[in-house]
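The next block holds one structure in the form of structure tokens; read it before the comments.
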Amino acid sequence: MALHEKISSILATEPLGSKVTVKGWVRTFRSNRFVAVNDGTTLQSIQAVVDYEREDEALLAKLSPGAAVSISGEVVESQGKGQRVEIMAESIEVHGTSDPERYPLQPKKHSLEFLREIAHLRFRTNTFGAIFRIRHTLSFAIHKFFHDRAFYYLHTPIITASDAEGAGEMFRVTTLPAGDPPRREDGTVDFTKDFFQQETNLTVSGQLEAELGALALSRVYTFGPTFRAENSNTSRHLAEFWMIEPEVAFANLKDNQDLAEEMLKYLIKEVLAAHPEDLQFLNDRLQQEESQKPAHQRSSMGLIEKLEFCVAEDFERLTYTEAIRILQNSKPNKKKKFQFVIEDWGADLQSEHERYLVEKHCKKPVILTDYPTQIKSFYMRLNDDQKTVGAMDVLFPGIGEIIGGSQREERLDVLERRMAEMNIPQEELSWFLDIRRFGTCPHAGFGLGFERMVQFVTGMSNIRDVIPFPRTPGNVSF
RNA sequence: GCCUCCUUAGCUCAGCUGGUUAGAGCGGCGGACUGUUAAUCCGUAGGUCCAAGGUUCAAGUCCUUUAGGGGGCGCCA
């Protein structure tokens with residue numbers, strides 16, 4: 001395939017003297033002479049120098065921010081200071097003009113909130129260019145990580161009939177007419193007339209299906225869209241997000257923690273290696289943003305420093321019981337500074353407690369394990385103490401829970417008892433129980449919130465800024 | 001869903017305890033200049049102060065309601 005040159009490769013190889021053609025979008029046009037062209041392949045724009053005395057004035061007038069152009073010319077050493085090479089433009093073609101009076105992106109800093117309202121154009125900014133290049137690298141690295149470790153990528157269904165996963169409110173999927181659906185005699189909607197002849201929803205997790213794959217293929221992972229119809233209004237939640245769910249047969253909670261830690265470090269390393277420039281830009285952006293904040297709200301580390309730190313340090317591993325003890329003895333708990341003061345073992349941990357453990361006490365990523373049975377899901381393996389389950393949460397600074405996982409309950413009798421206790425209908429999940437009936441084995445897995453990972457690596461504080469088109473309550477534009 | 005803050009020009013924001021014709025920077029338009037780096041300089045246009053009610057001699061400013069957005073909490077990844 002013979003394509004025109006990417007600006008990233010021209011800037012990397014600096015082929016002085018050769019003729020090139022670049023195609024991209026105008027960022028700025030200065031002094032009637034310097035066109036900064038960006039094609040999204042790198043943070044940097046390339047400078048094309050036009051001879052304004054020879055070029056048609058009408059053509060130059062079209063070189064406003066946002067215009068799509070092809071520019072051909074010779075790569076030369078730059079006379080100016082800001083760049084090493086530039087292109088002496090010999091021919092310029094404007095493919096699409098961009099009315100400067102109506103184009104919303106100016107060569108200046110825009111607020112993230114404003115850019116969110118023009119999500120279709122925000123890819124053209126330095127910040128979002130960097131974010132989405134990094135997002136790609138992360139998603140590619142996930143496949144590479146698992147592929148290299150003999151995991152099979154399993155496509156679990158997006159439409160599901162089970163509503164017993166317990167991971168949250170679901171979006172209904174139906175082809176029945178909204179206004180006048182067929183009804184049974186008692187007036188309820190007759191879903192046997194629906195497309196699947198029963199009620200269906202969008203998936204909230206591929207875990208249960210991934211377990212089925214793992215108990216045959218040994219190691220599988222899913223990576224797909226996930227939907228939660230919760231009315232969540234936070235900087236960490238989306239109604240549509242992407243989740244990675246590895247599931248490993250013959251693995252216990254320790255293996256699970258090791259896998260999670262190894263994966264997170266691998267992903268961070270890949271991004272550090274592939275995107276030094278984009279990360280530096282985001283690092284500086286974050287630093288500038290934080291300099292506006294009062295001193296006590298600023299983070300102690302810069303973005304790149306934080307990423308390198310996370311790769312170098314072992315994650316802190318604590319049991320829930322140990323965490324409760326730490327929290328009970330903590331200053332904010334004793335001085336009743338927590339909104340929810342920790343009284344007894346068994347209490348659910350709130351964000352403020354997780355944040356204290358990660359950001360104040362351990363000062364590094366934390367893996368919390370072995371939570372009380374009653375605050376966790378039915379499928380988590382009951383520990384020998386009968387009070388706790390083999391659950392694990394990986395907590396990251398600034399983000400909170402980035403991974404939630406567990407060793408699964410593989411013993412049929414125990415699982416059935418727990419489902420009964422928690423009122424989980426067993427008929428619907430007969431396939432899930434069959435796996436315990438025929439050749440069951442210890443297994444474990446976890447779910448990684450992909451956007452939370454992108455947030456962490458890019459330092460973006462709002463999850464809506466790390467997915468191209470965010471879906472949140474009341475928001476499905478674009 | 002709960003708590004809290006915000007909404008003034010295309011964008012970012014100022015407008016003090018209510019008091020004449022609502023301001024700045026950037027952007028636009030016109031011009032000058034031309035090796036610039038979010039170019040610079042001169043000039044100029046641009047506003048239903050989110051919407052609807054209310055208090056007052058007087059509301060961008062105070063009160064109520066509504067809409068949109070930010071932050072925090074809950075639910076979680």
Side-chain angles (χ1 to χ4, degrees), chain A residues 27-36 44-53 61 64-66 76-83 86 88 99-118 125-126 165-169 204-207 222-245 260 293 297 338-340 348-355 375-377 393-396 399-405 446-456 461-467 472-475 477:
Chain A
R27 284 292 175 81
T28 61
F29 183 34
R30 291 183 295 270
S31 295
N32 214 22
R33 188 197 280 268
F34 304 103
V35 197
Q44 297 301 320
S45 297
I46 199 161
Q47 174 160 289
V49 184
V50 305
D51 184 346
Y52 57 86
E53 283 170 341
S64 60
V76 298
E77 214 168 308
S78 178
Q79 295 172 40
K81 286 210 181 94
Q83 57 286 314
E86 62 195 15
M88 290 306 290
D99 182 351
E101 206 165 357
R102 297 178 55 207
Y103 188 58
L105 293 174
Q106 293 170 28
K108 63 171 269 189
K109 204 175 145 80
H110 290 285
S111 69
L112 294 171
E113 292 81 12
F114 172 66
L115 293 172
R116 228 169 270 155
E117 288 166 18
I118 50 164
T125 63
N126 286 337
E165 288 157 11
E169 290 296 310
V204 293
S205 163
Q207 180 205 315
T222 74
F223 186 172
T226 310
F227 308 88
R228 306 260 167 103
E230 301 288 347
N231 190 9
S232 295
N233 295 291
T234 80
S235 54
R236 312 181 297 284
H237 289 86
L238 291 165
E240 177 184 280
F241 64 101
W242 290 68
M243 186 155 66
I244 294 97
E245 296 175 289
K293 291 186 190 166
Q297 279 180 28
F338 283 141
Q339 197 187 336
F340 297 92
D348 212 343
L349 300 182
Q350 310 289 320
S351 316
E352 57 179 346
H353 306 129
E354 296 180 348
R355 190 165 299 147
I375 61 174
K376 288 290 177 181
S377 305
D393 283 359
V394 181
L395 310 177
F396 264 19
I399 313 286
E401 186 180 344
I402 196 161
I403 279 179
F446 59 81
L448 167 71
F450 183 59
E451 282 75 19
R452 289 189 183 172
M453 188 65 195
V454 183
Q455 264 190 287
F456 181 73
S461 54
N462 195 315
I463 201 165
R464 294 160 200 201
D465 295 329
V466 298
I467 188 166
T472 53
N475 184 358
S477 308

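This is a predicted model, so every value here is computed, not measured. Every heavy atom of this structure was used, including side-chain atoms; hydrogens, water molecules and symmetry mates were not. So you know, we letter chains A, B, ... as the sequences are listed, proteins then strands, and number each from 1.
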Between [X] and [N], does any side-chain N or O lie under 4.0 Å from OP1 or OP2?
| X | N | result |
| --- | --- | --- |
| A/Arg452 | B/C76 | no |
| A/Arg116 | B/G70 | yes |
| A/Arg30 | B/A39 | yes |
| A/Arg355 | B/C73 | yes |
| A/Ser111 | B/C11 | no |
| A/Thr28 | B/A39 | yes |
| A/Ser235 | B/G72 | yes |

With heavy-atom distances below 4.5 Å as the criterion, would you say the side chains of A/Val35 and A/Val50 are in contact?
yes
5'-most by nearest nucleotide on RNA chain B - A/Pro473 or A/Lys376:
A/Pro473
Can you work out whether A/Asp348 or A/Ser461 has the more 5'-proximal nearest nucleotide on RNA chain B?
A/Ser461
[X] has an atom [atom1]; how far is it from atom [atom2] of [N], in whole Å?
| X | N | atom1 | atom2 | value |
| --- | --- | --- | --- | --- |
| A/Glu113 | B/C6 | CD | P | 15 Å |
| A/Glu117 | B/G69 | CD | C1' | 7 Å |
| A/Lys81 | B/A39 | NZ | P | 17 Å |
| A/Glu401 | B/C75 | CD | C1' | 11 Å |
| A/Gln47 | B/U34 | CD | P | 18 Å |
| A/Leu395 | B/A77 | CG | P | 12 Å |
| A/Gln79 | B/U37 | CD | C1' | 14 Å |
| A/Tyr52 | B/A39 | OH | P | 17 Å |

Under 3.5 Å, is there a donor-acceptor pair between the side chain of A/Arg27 and the main chain of A/Ser45?
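Flag not set: sc A/Arg27 to bb A/Ser45 has no pair under 3.5 Å.
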Side chain A/Ser31, main chain A/Arg33, donor-acceptor under 3.5 Å:
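Not at all, since once roles are kept as given, no pair shorter than 3.5 Å links the two residues.
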Could you tell me whether [X] contacts a base, only the sugar-phosphate backbone, or nothing, with contacts defined as non-hydrogen atoms closer than 4.0 Å?
| X | answer |
| --- | --- |
| A/Arg102 | nothing |
| A/Ser78 | base |
| A/Ile403 | sugar-phosphate |
| A/Thr234 | base |
| A/Glu352 | nothing |
| A/Ser232 | base |
| A/Asn233 | base |
| A/Gly404 | sugar-phosphate |
| A/Glu86 | base |
| A/Phe114 | sugar-phosphate |

Pick the [atom1] atom in [N] and in [M], then give their distance to the nearest Å.
| N | M | atom1 | value |
| --- | --- | --- | --- |
| B/G46 | B/A24 | P | 13 Å |
| B/G19 | B/C63 | P | 15 Å |
| B/G25 | B/C41 | P | 10 Å |
| B/G23 | B/G30 | C1' | 23 Å |
| B/U8 | B/G69 | P | 14 Å |
| B/C49 | B/G60 | C1' | 5 Å |
| B/C13 | B/C6 | C1' | 13 Å |
| B/A39 | B/C26 | C1' | 13 Å |

For [X], ring-ring contact (aromatic ring centres under 6.0 Å, His included) partners two or more places apart:
| X | result |
| --- | --- |
| A/Phe456 | A/Phe396 |
| A/Phe340 | none |
| A/Phe29 | none |

Taking Watson-Crick (N1-N3 plus N6-O4 or O6-N4) and G-U wobble (N1-O2, O6-N3), each under 3.5 Å, can you produce the dot-bracket string of RNA chain B? Use [ ] for crossing pairs and | for inter-strand ones.
(((((((..((((.....[...)))).(((((.......)))))......((((..]....)))).)))))))....
Determine, step by step, whether A/Asn462 and A/Arg116 satisfy the side-chain contact (heavy atoms from CB on, under 4.5 Å) criterion, reporting the C-alpha distance in whole Å, the side-chain angles of both residues, the deciding distance to 0.1 Å, and the verdict.
CA-CA 11 Å; A/Asn462 195 315; A/Arg116 228 169 270 155; 3.6 Å; yes
Please determine, for the side chain of A/Leu238, which listed nucleotide (B/G70, B/C73, B/A77) has the closest atom?
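Nearest to the side-chain atoms of A/Leu238, counting from C-beta on, is B/A77.
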What about A/His237, does its side chain sit under 3.5 Å from the base of B/C76 through a donor-acceptor pair?
yes
For the base of B/A77, is there a side-chain donor-acceptor partner from A/Arg228 under 3.5 Å away?
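Answer is yes: a donor-acceptor pair is held.
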A/Gln47 and A/Arg30 side chains, donor-acceptor separation under 3.5 Å:
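A/Gln47 and A/Arg30 do have a side-chain donor-acceptor pair below 3.5 Å.
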Would you please test A/Phe241 and A/Phe227 for ring-ring contact (aromatic ring centres under 6.0 Å, His included) and show each step?
CA-CA 7 Å; A/Phe241 64 101; A/Phe227 308 88; 8.3 Å; no
Could you list the protein-to-nucleotides 41-52 of chain B atom pairs, N/O on both sides, closer than 3.5 Å?
none

A/Ser205 vs A/Glu245, test: side chain to side chain donor-acceptor pair (under 3.5 Å). Steps then yes/no.
CA-CA 8 Å; A/Ser205 163; A/Glu245 296 175 289; 3.0 Å; yes
Compare the aromatic ring of A/Phe450 with the six-membered base ring of B/A77 and state whether they stack according to the 5.5 Å and 30° rule.
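Stack criterion not met.
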Report, one pair per line, the protein and nucleotides 27-33 of chain B atoms (nitrogen or oxygen only) whose separation is under 3.5 Å.
residue: B/G27; atom: O4'; partner: A/Gln106; partner atom: OE1; Å: 3.0

Between A/Lys376 and A/Asp393, is the closest basic N to carboxylate O distance under 4.0 Å?
yes
